[in-house]
Number of protein chains: 2
Amino acid sequence: MAGIDEVARLAGVSTATVSRALSGRGYVSDATRVKVAQAAQDLDYVVSSNASSLASGRTRNVGVVVPSLNHWFFASVIEGAESALLRQGYDLTLYNLTGGGEERKSVFDHFLLRQRVDAVIAIGLELTEAEVSSLHAMGKPLIGVGGAIAGVFSLTMDDVAVARLATEHLLSLGHTRIAHIGGGKEFDLDFHLPSNRRIGYEGALRDVGIEPDPGLFRPADFTLPGGYEAAKQLLGNPHNRPTAIVASSDEMAIGSVLAARDLGLHVPHDVSIVGIDDHQLSGFFGLTTVAQFPRRQGEQAVEALMEYLEPGKDAPASAGVPLPYELIVRSSTARPPQ
Amino acid sequence: MAGIDEVARLAGVSTATVSRALSGRGYVSDATRVKVAQAAQDLDYVVSSNASSLASGRTRNVGVVVPSLNHWFFASVIEGAESALLRQGYDLTLYNLTGGGEERKSVFDHFLLRQRVDAVIAIGLELTEAEVSSLHAMGKPLIGVGGAIAGVFSLTMDDVAVARLATEHLLSLGHTRIAHIGGGKEFDLDFHLPSNRRIGYEGALRDVGIEPDPGLFRPADFTLPGGYEAAKQLLGNPHNRPTAIVASSDEMAIGSVLAARDLGLHVPHDVSIVGIDDHQLSGFFGLTTVAQFPRRQGEQAVEALMEYLEPGKDAPASAGVPLPYELIVRSSTARPPQ
DNA sequence: ATGAAAGCGCTAACAC
DNA sequence: GTGTTAGCGCTTTCAT
């Protein structure tokens with residue numbers, strides 16, 4: 001727990017110089033920079049982040065707000081953000097809003113405003129105007145991932161195009177009775193992904209002259225059991241059984257695969273199923289899917305933030321680049337029966 | 001961004017009194033406490049955590065170190081810890097060590113030592129002696145969850161008893177050829193859960209006079225595909241097919257269920273399968289399992305820390321209480337065939 | 001390129 | 001019970 005003054009003494013310079021040498025701002029000759037670095041190392045010196053933050057106004061810490069941790073997408077984005085932040089010497093403090101209203105209010109009213117963070121990343125969350133403006137008023141950059149926030153720079157996939165791509169894959173195989181398992185209305189509140197994906201699905205159908213059949217749409221909750229239920233209904237219908245399903249998430253798609261099996265239907269011989277995500281289990285289930293890359297999204301969010309936070313640093317300038325997605329064809333899709 | 005002095009002025013007291021009134025330490029009359037609280041609220045005052053930390057030496061922040069986020073157990077423990085910390089007014093800063101050696105070193109050498117955290121919780125990680133002692137030297141309480149750390153207070157399940165319970169459930173149904181899918185040696189390095197569970201499994205068998213058959217043990221990697229592979233081998237063996245499987249995790253158990261199905265075996269009619277965890281998908285698969293409660297473990301870790309950190313506060317005194325576990329019987333286990 | 005010195009906003013003795 | 005005051009350990013003008 002050596003202090004900056006001990007380092008200064010050992011290096012034979014002033015504390016001001018030590019600060020400059022170690023932080024990299026301001027002029028320091030190469031010679032002293034080396035001397036200081038050596039002294040710091042010898043003493044196992046590590047800056048006190050509190051003292052540093054108090055004096056400089058920068059905390060080198062970013063807050064990450066998520067609706068839940070136990071979810072592949074959120075966890076992956078956080079992992080990506082964490083490792084990018086670590087590389088930049090930043091800490092990540094996590095605010096999980098699973099608890100609901102009270103918790104959320106307390107996070108915004110007390111925690112994020114304590115000068116603890118330089119910026120915040122909101123994942124899969126639609127913030128209220130009040131929340132956004134209170135952060136804004138504090139001068140804290142805010143960036144959204146996986147869900148557009150009004151008036152805030154957000155990394156968000158082109159959900160319409162993604163669902164369209166999945167649907168086009170099935171159309172190109174010759175399917176015409178294609179069902180869709182999407183999110184229910186309750187998921188549309190927080191980000192419009194469900195409707196956007198439905199729009200993409202319907203758009204692809206209409207483009208080839210097929211009018212979407214409302215009977216071939218089922219809402220579900222993005223979980224595997226939810227997808228299972230929905231697919232059971234779709235595939236068990238005696239009159240209008242689809243030959244293919246586009247599910248809005250891989251977990252729902254996997255649920256659909258299991259539902260098909262339980263009905264004695266063979267995937268992809270009797271029914272083709274495509275998901276969206278490229279979840280870690282999708283390979284195992286042979287699921288054809290449109291991959292998104294959440295780890296990368298976390299990294300990209302951090303890169304974008306760094307441009308605000310460290311102007312003139314090695315700016316990766318990745319902001320504004322549209323998020324990539326990619327069709328991955330496995331064994332859950334094929335030409336329709338006969 | 002009002003400061004403490006403005007609050008003091010508005011309330012007509014000194015800054016010291018404001019500090020005392022808001023933090024709850026030291027004597028303040030009820031009347032002034034109310035006045036101060038009102039003034040603080042009127043001004044939207046929030047303490048600057050940096051200034052407060054610098055002056056007091058306490059950060060009200062705890063570091064949580066995990067090997068990975070994208071895993072049910074870790075994510076659940078973190079969720080539990082996060083919400084418990086929030087209630088106590090603490091922040092959680094997350095250190096994810098997925099990246100490996102370099103990242104890990106940097107976390108320990110630079111991040112945790114920056115006076116940023118008051119304590120650290122290590123989840124599912126075996127820390128080296130050097131890591132433990134550097135934290136110790138800084139006077140930072142350290143507590144482990146899900147993996148005993150030498151010389152450190154850890155919350156850890158009685159893995160022997162848990163595996164024994166799962167095995168006894170099968171024995172009591174009349175099974176005698178019971179296989180075990182456990183962790184490979186590589187997982188034993190970080191915490192001895194795999195061997196302990198195997199010991200529990202073998203102990204239960206020996207207690208009823210059955211000598212464990214090494215041919216009925218398969219190592220796997222705790223994942224669903226890993227469990228699938230292992231179960232395929234076990235169940236495909238023409239000579240010594242087990243009538244039941246104890247898997248060391250629910251994900252491996254679910255993989256086993258799928259393997260059985262793919263072989264045309266009916267669960268539980270042809271083969272019984274029991275897991276350990278009570279993973280979120282276990283209900284869906286009808287899996288009999290021994291539940292552990294990771295959220296609760298995260299909360300308990302925080303409660304234990306608070307006893308160090310806030311002596312004399314409402315101590316939940318939960319430390320040292322053994323972690324609960326519970327057999328949950330669903331539809332994946334039954335009497336053996338005929 | 002480097003040093004001196006004035007804070008950053010709060011807490012904790014200590015005095016009353 | 002409350003006020004006064006001296007720091008906490010750094011960063012950053014401003015000189016030089």
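Lettering follows sequence order; numbering is per chain, from 1.
Taking 4.5 Å as the limit, every side-chain heavy atom of P141(A) sits out of range of all side-chain heavy atoms of F153(A). A 4.5 Å side-chain heavy-atom check between V120(B) and L135(B) finds at least one atom pair inside the cut-off. Residues L85(A) and M306(A) are in side-chain contact: their nearest non-hydrogen atoms beyond the backbone lie under 4.5 Å apart. Contact annotation: the side chain of L69(A) approaches that of L94(A) to within less than 4.5 Å [non-hydrogen atoms, C-beta and beyond].
Among residues at least two apart or in separate chains, there is no salt bridge (charged side-chain N to carboxylate O under 4.0 Å, His left out) pair with a member in residues 36-57 of chain A. Sorted by first and then second residue, the salt bridge (charged side-chain N to carboxylate O under 4.0 Å, His left out) pairs involving residues 63-88 of chain A (not counting sequence neighbours) are E79(A)-R295(A).
Among all heavy-atom pairs drawn from V117(A) and L112(A), the shortest one is CG2-O, 4.1 Å. Nearest heavy-atom pair across V65(A) and L125(A) is CG1-CD2, 3.5 Å.
The stretch residues 108-119 of chain A has no heavy atom under 4.0 Å from DNA chain C, so no residue of it qualifies as close.
In this structure, CD1 of I4(A) is placed 14 Å from C1' of dA5(C), rounded to the nearest angstrom. Between the P atom of dG9(C) and the CG atom of D5(B) lies a distance of 8 Å, rounded to the nearest Å. Rounded to a whole Å, the CG atom of L54(B) is 11 Å from the P atom of dT11(C). Between the CZ atom of R60(B) and the C1' atom of dC10(C) there is a distance of 14 Å, rounded to whole Å. What separates CG of L22(A) from C1' of dA1(C) is a distance of 17 Å, to the nearest Å.
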Could you run down the sub-3.5 Å N/O contacts of the protein with nucleotides 12-16 of chain C?
| from | atom 1 | to | atom 2 | distance (Å) |
| --- | --- | --- | --- | --- |
| dA12(C) | OP1 | R58(B) | NH2 | 2.7 |

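A salt bridge links R296(A) and E299(A); the closest N-O separation between the charged side-chain nitrogens and carboxylate oxygens is under 4.0 Å. Residues E310(A) and R60(A) are paired through a salt bridge, judged by an N-O separation under 4.0 Å between the basic side chain and the carboxylate. Ion pairing of E131(B) with K105(B) is absent here, as no side-chain N (NZ or NE/NH1/NH2) approaches a carboxylate O to less than 4.0 Å. With respect to the salt-bridge test (charged N to carboxylate O, under 4.0 angstrom), the residues D91(A) and R116(B) qualify.
Where the helix from dA1(C)-dT16(D) to dC16(C)-dG1(D) starts and where it ends, the local axes point in directions that differ by 30°; five pairs per end, rounded to 10°.
Note: F74(B) and H71(B) have tilted aromatic rings, judged against thresholds of 30 and 60 degrees for the angle between ring planes.
When DNA chain D is scanned in the 5' to 3' direction for atoms under 4.0 Å from non-hydrogen atoms of chain B, the outermost contacting nucleotides are dG1(D) to dG9(D).
Residue T32(B) is in sugar-phosphate contact alone, with no base atom involved, counting any heavy-atom pair closer than 4.0 Å across all strands shown. Counting non-hydrogen atoms under 4.0 angstrom, V13(B) reaches the backbone sugars and phosphates but no base.
Nearest-nucleotide positions on DNA chain D place S14(B) closer to the 5' end than the other of S14(B) and S53(A).
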